[in-house]
Amino acid sequence: MPLPTEPIGSIPRPPELIEGMAAFASGSLPPDRMESLFDSAVRDTIRRFEETGSPVVTDGEQRKPSFATYPIHGAENLGPGGVTIPFEDGHTRQLPVLTRGPFRYTTYASSYLDAARKHARNPVKQAVIAASALSLLYPPDGIPGYPREAFLDDLVREAQTDIRRCLDSGATVQIDFTEGRLAVKLDPSKALLNSFVDLNNRVLAPFTAEERRRLGVHTCPGGDQDSTHSADVDYAELLPSLFRLNVANFYVQLSSEKDRPRVLRILAEHATGDRRIFVGVTDPIDPAIETAEQVCDRVLEAAKFIDPAHLGTTDDCGFSPFGDDTSTSRDTAFAKVRARVAGTEMAARALGV
């Protein structure tokens, strides 16, 4: 496809998988049955992705408890009471807190990638969580005998390993940085945001220019149970810092923005060098299913600001970043993906690329 189009990551889990995950957590489902449910969900997700015509697929994050916490799931050095993230509809998500060192991943994303590729014919993309999100696990009062500097050293090394293993498997890698816009809300001075960018660039430092062409970063105002956590933050406050990240691909929530042309003008300033801007053309938290014609119009709108040679399309966000989110159905998610693929093809023909 002349204009590349890629998903962000998550797809709503089948009801039987959600029920199975709860049963497994309570000890009433054996591991082999849990593995069978995971494998079935991944196989069905990839099949349905490929049926949409999507040139790039994901496993829909079927095995992840959430997009953010997969690396620490089951870790024994975590406790309750971490950072709380409030969403606009009033519900919250709360991170755990690290209770002792050292910090280590319990799961690397490459394990999901390896399982997915058994069923895929198309290239598989893998999302990983940004180190900046996991940096929030460290308690403000510190940990005796394990200073923050030592924690950050461990975190950077683990995040690099997470990315490296996926690249070595041949995948493109997307770093989920949804806390970027939230950081501006928490700290309008942008000191927190810039510290996040610096930390993520520290993770990216060892990767070559060629490898960075297979790396991207995703930004959005969060998406959970059809609500966001930072859509009220002006994109202009985030984007200049976002583009300090040393990657070649930027996946930007856009379709749900109130003033898309204004955001596109800012994005156009940064579509330089070998950077590609994947603009969001479908809104996962809007139950209305976009038509291919609507998607095409959004792509053509973006092409007025961004050279098609630097343009791609994506979904605004994952459809179910947290494993228990059932606000969107699988059928709706795949219908939106199908519209994205078809609309991008229509726009490519209209643009003559």
Side-chain angles (χ1 to χ4, degrees), residues 8-9 67-68 71 83 85 95 103 109 127-138 140 148-149 151-164 166-167 172-209 211-222 228-254 257 263 266-280 310 314 316-317 321:
I8 289 298
F67 80 106
V83 172
I85 302 172
L95 295 173
F103 175 78
V128 302
I129 189 61
S132 51
L134 295 176
S135 72
L136 297 172
L137 298 173
Y138 193 82
R148 182 173 178 81
E149 292 74 16
F151 162 72
L152 291 177
D153 287 343
D154 288 341
L155 171 58
V156 167
R157 183 181 59 253
E158 290 292 273
Q160 287 171 344
T161 300
D162 203 25
I163 294 171
R164 170 63 61 199
C166 294
L167 288 177
T172 55
V173 178
Q174 169 192 295
I175 300 168
D176 286 331
F177 186 48
T178 65
E179 69 278 11
R181 207 163 172 179
L182 179 63
V184 179
K185 188 171 187 175
L186 298 174
D187 175 16
S189 77
K190 291 184 273 191
L192 179 60
L193 169 62
N194 286 310
S195 72
F196 280 174
V197 171
D198 290 342
L199 177 61
N200 292 331
N201 272 339
R202 184 176 163 190
V203 171
L204 292 165
F207 297 98
T208 66
E211 288 169 333
R212 288 175 189 164
R213 280 192 280 274
R214 295 164 54 204
L215 292 172
V217 63
H218 166 235
T219 182
C220 74
T228 61
H229 56 54
S230 54
D232 54 334
V233 173
D234 191 335
Y235 246 149
E237 298 297 310
L238 167 69
L239 293 177
S241 294
L242 179 79
F243 281 94
R244 288 203 295 112
L245 288 167
N246 292 322
V247 295
N249 302 294
F250 293 84
Y251 303 88
V252 182
Q253 167 264 344
L254 185 64
E257 283 295 302
V263 177
I266 301 172
L267 292 173
E269 296 174 7
H270 299 282
T272 59
D274 64 354
R275 287 172 170 168
R276 185 177 294 275
I277 315 298
F278 288 80
V279 296
H310 295 272
T314 189
D316 271 5
C317 190

Exam field: side chain [X] to backbone [Y], donor-acceptor pair closer than 3.5 Å:
X    : Y    : answer
R275 : F250 : no
K185 : H229 : yes
N201 : R244 : yes
Q174 : G216 : no
N249 : R213 : yes
E237 : D234 : no
Y235 : L267 : no

Report yes if the side chains of [X] and [Y] come closer than 4.5 Å at any heavy-atom pair, otherwise no.
X    : Y    : result
F196 : L136 : yes
V197 : L245 : yes
R214 : F207 : no
Q160 : P206 : yes
V263 : L239 : yes

For [X] against [Y], the heavy-atom pair lying closest together:
X    : Y    : value
T228 : G222 : CG2-O, 3.2 Å
V128 : C166 : CG1-SG, 4.4 Å
C317 : C220 : SG-SG, 3.4 Å
S241 : N194 : OG-OD1, 2.9 Å
V203 : A131 : CG2-CB, 3.7 Å
F177 : L193 : CZ-CD1, 4.1 Å

Start with the C-alpha gap between H218 and T178, add the side-chain angles, then the distance that decides, and say whether side-chain contact (heavy atoms from CB on, under 4.5 Å) holds. CA-CA 7 Å; H218 166 235; T178 65; 4.2 Å; yes
Rounded at 0.5 Å granularity, tell me how far OG1 in T314 sits from CD1 in I277. 12.5 Å
Look up atom OG in S132 and atom CG in L182, then write down how far apart they are to the nearest 0.5 Å. 10.5 Å
Please step through side-chain contact (heavy atoms from CB on, under 4.5 Å) for the pair L155 and Y138, ending with a clear verdict. CA-CA 10 Å; L155 171 58; Y138 193 82; over 6 Å; no
Just one of D162, I129, L204, N200 clears the side-chain contact (heavy atoms from CB on, under 4.5 Å) bar with I175, so which one? L204
Any chance you could lay out the side-chain contact (heavy atoms from CB on, under 4.5 Å) test for L215 and V173, step after step, and finish with the verdict? CA-CA 5 Å; L215 292 172; V173 178; 3.6 Å; yes
Would you call the rings of H270 and F243 parallel, tilted or perpendicular if under 30° counts as parallel and over 60° as perpendicular?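 Aromatic pair H270/F243 classed parallel.
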Students often mix this up, so state it plainly: with edges at 30° and 60°, are the rings of Y251 and F278 parallel, tilted or perpendicular? parallel
Check the pair D154, R157 against side-chain contact (heavy atoms from CB on, under 4.5 Å), reporting the backbone distance first and the verdict last. CA-CA 5 Å; D154 288 341; R157 183 181 59 253; 2.8 Å; yes
